[in-house]
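Written out below as structure tokens is the structure these notes cover.
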Amino acid sequence: MKKGISVILAVLLAVSCLTGLSGCGSSKKTTLYVYNWGQYISEGDDGSLDVIAAFEEAYPNIRVQYSTYDSNEIMYSKLSNGGITVDVIIPSDYMIGRMRQEGMLQELNYDNIPNAKFIDASYRGMAFDPEDKYSVPYTWGTTGIIYNTKYVDEADVTGWELLWNEKYAGKILMFDNSRDAFGIAEYLLGYDVNTTDEAELQACAAKLAEQKPVVQQYVMDQIFDAMENEEAWIAPYYAGDAVTMIGDNPDLDFVVPKEGTNRFVDAMVVPKSSKNKDLAEQFINFMLEEDVALANIEYIGYSTPMSNVKELLDEEVQNSFSYPDEEVLSRCETFVNLDDETTAYMQDNWTGVLSYGNSSIGDIIFLIVFFLFLIGAVIFFTIKKRRDRAI
């Protein structure tokens, strides 16, 4: 269901001018820095709403500098190191919990975000922000397996073990971030997805290292091209992105494994480093405008936490895997923020998984080069010695 984009823009422009928040008539522009996941906002192609352009048209005194990241961990690293200027970020639940505990977020002024009233009660007071002081839900969804029905036998599509199936070696993709990757191993081995037990994490690392020989590459946003172009046939990823990929390649399908999976909530937050908090809240409120939120969610394919927007979606969408039934949801868990020691331990083990098998090849190459160097040195000094004798 596509909305009349020109009508949306006209209404929003009128609203912004009436409120006076954008200071219509002034020529000076303020830059608002928005940092989001890749492929996670309606961008204006295929007749969709260009959300950033719509915001800038509705609030002509604000220019949005929009950039993307591949994982929560990359975003956190850049923000904590002071390497980026950001006003609005859209992290996942467990990362919001970490940033809140570390004092990296500003409390929101809901007087500037009246549209937050449309967030469904089931997405309020969540563990990562129990008092709703720091975040406003943006989307939610599940993690599962995307696979190509042309090449993958349906009999093999049972659970997470498909990602270890040697039959499809070289055609399997894997997450390129520790939390999602370890989550898969934890489900497969029957552990708590939020375990802090080092022995269990070691077992997960061993399982992930066991998978490495069949993995074509570790990816995040690169999954879109690889799966749509059939360079790969199997990958774990998020349900919302599966919707987009299936739209581009109808031979793709999506399944939530029998062992269970992660149910995540991504939310909009304002970091402590933001110097434009009021404008950031203005942007968050804009994202919750009914027509904007509807156009955006239709484009990105993720699940909306806004009850009024869900009611406007086509019935087919409401009954799709983007909105799984209670049986599927009963097998889902949410990541929570782990303590610093466990997070570091997991990351160290993940680094070990990624380097597993690489060092031996490097050692062999080094030994070959070193051996050739020794042979060359022996030959050089033998010839030199003979010449010295001759002289």
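This structure is a prediction, so every number in the text was calculated from the model and none was measured.
Taking OG1 of Thr68 as the reference point, atom CE of Met75 lies at 13.0 Å (rounded to 0.5 Å). Atom-to-atom distance recorded for Asp266:CG and Ile96:CD1 is 7.0 Å, nearest 0.5 angstrom. One finds the OG atom of Ser77 at 9.5 Å from the CG atom of Leu79 (value rounded to the nearest 0.5 Å). The structure places OG of Ser178 at 4.5 Å from CD of Glu73, a figure rounded to the nearest 0.5 Å. To the nearest 0.5 Å, atom CE of residue Met174 and atom CE of residue Met220 are 11.0 Å apart. Distance CD/Glu311 to OG1/Thr304: 10.5 Å, rounded to 0.5 Å.
When the ring-ring contact (aromatic ring centres under 6.0 Å, His included) test is applied to Phe224, no partner is found at least two apart in sequence or on another chain. Tyr66 meets the ring-ring contact (aromatic ring centres under 6.0 Å, His included) test with no other residue; sequence neighbours excluded. For Tyr94, the ring-ring contact (aromatic ring centres under 6.0 Å, His included) partners at least two apart in sequence or on another chain are Phe335. With sequence neighbours excluded, the residues forming a side chain to side chain contact (heavy atoms under 4.5 Å, CB included) with Thr158 are Glu161, Lys258, listed by chain and number. For Tyr191, there are no ring-ring contact (aromatic ring centres under 6.0 Å, His included) partners two or more places apart in sequence or in a different chain. Residues forming a side chain to side chain contact (heavy atoms under 4.5 Å, CB included) with Gln65 (at least two apart in sequence, or on another chain): Thr31, Tyr33, Arg63. Residues meeting the salt bridge (Lys or Arg N to Asp or Glu O under 4.0 Å) test with Arg98, sequence neighbours left out: Glu102. Checked against salt bridge (Lys or Arg N to Asp or Glu O under 4.0 Å), Glu327 has the following partners two or more places apart in sequence or in another chain: Arg331. Legend: residues meeting side chain to side chain contact (heavy atoms under 4.5 Å, CB included) with Asp132, ordered by chain and number and at least two apart, are Tyr110, Arg124. Listed by chain and residue number, nothing satisfies the salt bridge (Lys or Arg N to Asp or Glu O under 4.0 Å) test with Lys272 (two or more places apart in sequence, or in another chain).
Residues Leu173 and Gln217 have side chains in contact (heavy-atom distance under 4.5 Å, counting atoms from C-beta outward). Side-chain atoms of Val214 and Tyr168, non-hydrogen and from C-beta on, never get closer than 4.5 Å to each other. Residues Lys167 and Asp153 form a side-chain contact, since some pair of their non-hydrogen atoms from C-beta on lies under 4.5 Å apart. Taking 4.5 Å as the limit, some side-chain heavy atom of Val157 sits within range of a side-chain heavy atom of Val152. Using a 4.5 Å cut-off on side-chain heavy atoms (C-beta onward), Ile223 and Phe175 make no contact. With contacts defined as side-chain heavy-atom distances shorter than 4.5 Å, the pair Glu186/Leu201 qualifies. A heavy-atom distance below 4.5 Å is found between the side chains of Asp45 and Tyr299. At a threshold of 4.5 Å between non-hydrogen side-chain atoms, the residues Asn337 and Gln101 count as touching.
Defined by atom type and a distance below 3.5 Å, a donor-acceptor pair is missing between the side-chain atoms of Thr334 and Asp93. Side-chain atoms of Tyr237 and Asp180 form no donor-acceptor pair, as typed in the model, at a separation below 3.5 Å. Under the 3.5 Å distance criterion, with hydrogens and angles disregarded, no donor-acceptor pair is assigned to the side chains of Glu210 and Tyr356.
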- Please test Ser122 against Asp120 for side-chain hydrogen bond (donor to acceptor under 3.5 Å, both in side chains), starting from the C-alpha separation and ending with a verdict. CA-CA 5 Å; Ser122 58; Asp120 191 81; 2.6 Å; yes

- Task: Could you walk me through whether Asn112 and Phe283 pass side-chain contact (heavy atoms from CB on, under 4.5 Å), step by step?
- Result: CA-CA 9 Å; Asn112 292 334; Phe283 180 84; over 6 Å; no

- Message: Between Tyr302 and Tyr138, does the ring-ring contact (aromatic ring centres under 6.0 Å, His included) criterion hold? Intermediate values first, please.
- Response: CA-CA 9 Å; Tyr302 278 76; Tyr138 178 65; 8.5 Å; no

- Query: Under the side-chain contact (heavy atoms from CB on, under 4.5 Å) criterion, do Val243 and Ser320 qualify, and how do the steps go?
  - Reply: CA-CA 9 Å; Val243 171; Ser320 69; 5.6 Å; no

- Message: Could you walk me through whether Tyr147 and Glu154 satisfy the side-chain hydrogen bond (donor to acceptor under 3.5 Å, both in side chains) test, starting with their C-alpha distance in whole Å, then the side-chain angles of each, then the deciding distance to 0.1 Å, before giving a yes or no?
- Response: CA-CA 10 Å; Tyr147 64 98; Glu154 285 290 339; 3.0 Å; yes

- Task: Verify side-chain contact (heavy atoms from CB on, under 4.5 Å) between Val353 and Gln211, making sure each step is shown before the conclusion.
- Result: CA-CA 9 Å; Val353 169; Gln211 180 201 24; over 6 Å; no

- Verify side-chain contact (heavy atoms from CB on, under 4.5 Å) between Ile297 and Val309, making sure each step is shown before the conclusion. CA-CA 9 Å; Ile297 212 72; Val309 172; 4.1 Å; yes

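With hydrogens and angles ignored, the 3.5 Å screen pairs no side-chain donor or acceptor of Asn296 with any backbone N or O of Val292. Listed for the Lys29 side chain is a donor-acceptor partner under 3.5 Å among the backbone atoms of Pro60. Of the possible donor and acceptor atoms, none in the side chain of Asn72 sits under 3.5 Å from a partner among the backbone N and O of Pro91. Of the possible polar contacts, none joining the Ser322 side chain to the Ser303 backbone as a donor-acceptor pair under 3.5 Å is found. A distance-only check finds no donor-acceptor pair linking the side chain of Lys171 to the backbone of Gln216 [under 3.5 Å]. A donor-acceptor pair is defined here as one N or O able to donate and one able to accept, closer than 3.5 Å; no such pair exists between the side chain of Glu231 and the backbone of Asp225. For Glu259 (side chain) and Gly159 (main-chain N/O), no donor-acceptor pair under 3.5 Å exists by modelled atom type. Between the Gln106 side chain and the Lys277 main chain, no donor and acceptor come within less than 3.5 Å of each other. With hydrogens and angles disregarded, a donor-acceptor distance shorter than 3.5 Å links the side chain of Ser71 to the backbone of Ile74.
The heavy-atom pair separating Pro271 from Ile89 by the smallest distance is CG-CD1, 3.9 Å.
A ring pair (Phe, Tyr, Trp, His ring centres under 6.0 Å) with Tyr69 is found for one member of Tyr76, Trp37, Tyr40 and no other, namely Trp37.
Grouping the Ile, Leu, Val, Met, Phe, Trp and Tyr side chains by contacts below 4.5 angstrom, directly or via other members, places Leu189 apart from Phe182.
Around the NZ atom of Lys78, the shell of radius 6.0 Å holds no more than 12 heavy atoms that belong to other residues, nucleotides or ligands. For Lys150, the NZ atom counts as densely surrounded, since its 6.0 Å shell holds more than 12 non-hydrogen atoms of other residues, nucleotides or ligands.
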Which pairs of donor and acceptor atoms, one on a side chain in residues 246-257, lie under 3.5 Å apart (sequence neighbours left out)?
| unit_1 | atom_1 | unit_2 | atom_2 | d |
| --- | --- | --- | --- | --- |
| Asn249 | OD1 | Asp251 | N | 3.0 |
| Asn249 | ND2 | Glu228 | O | 3.2 |
| Asn249 | ND2 | Glu230 | OE2 | 3.4 |

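Sorted by first and then second residue, the salt bridge (charged side-chain N to carboxylate O under 4.0 Å, His left out) pairs with a member in residues 332-347 form an empty list; sequence neighbours excluded.
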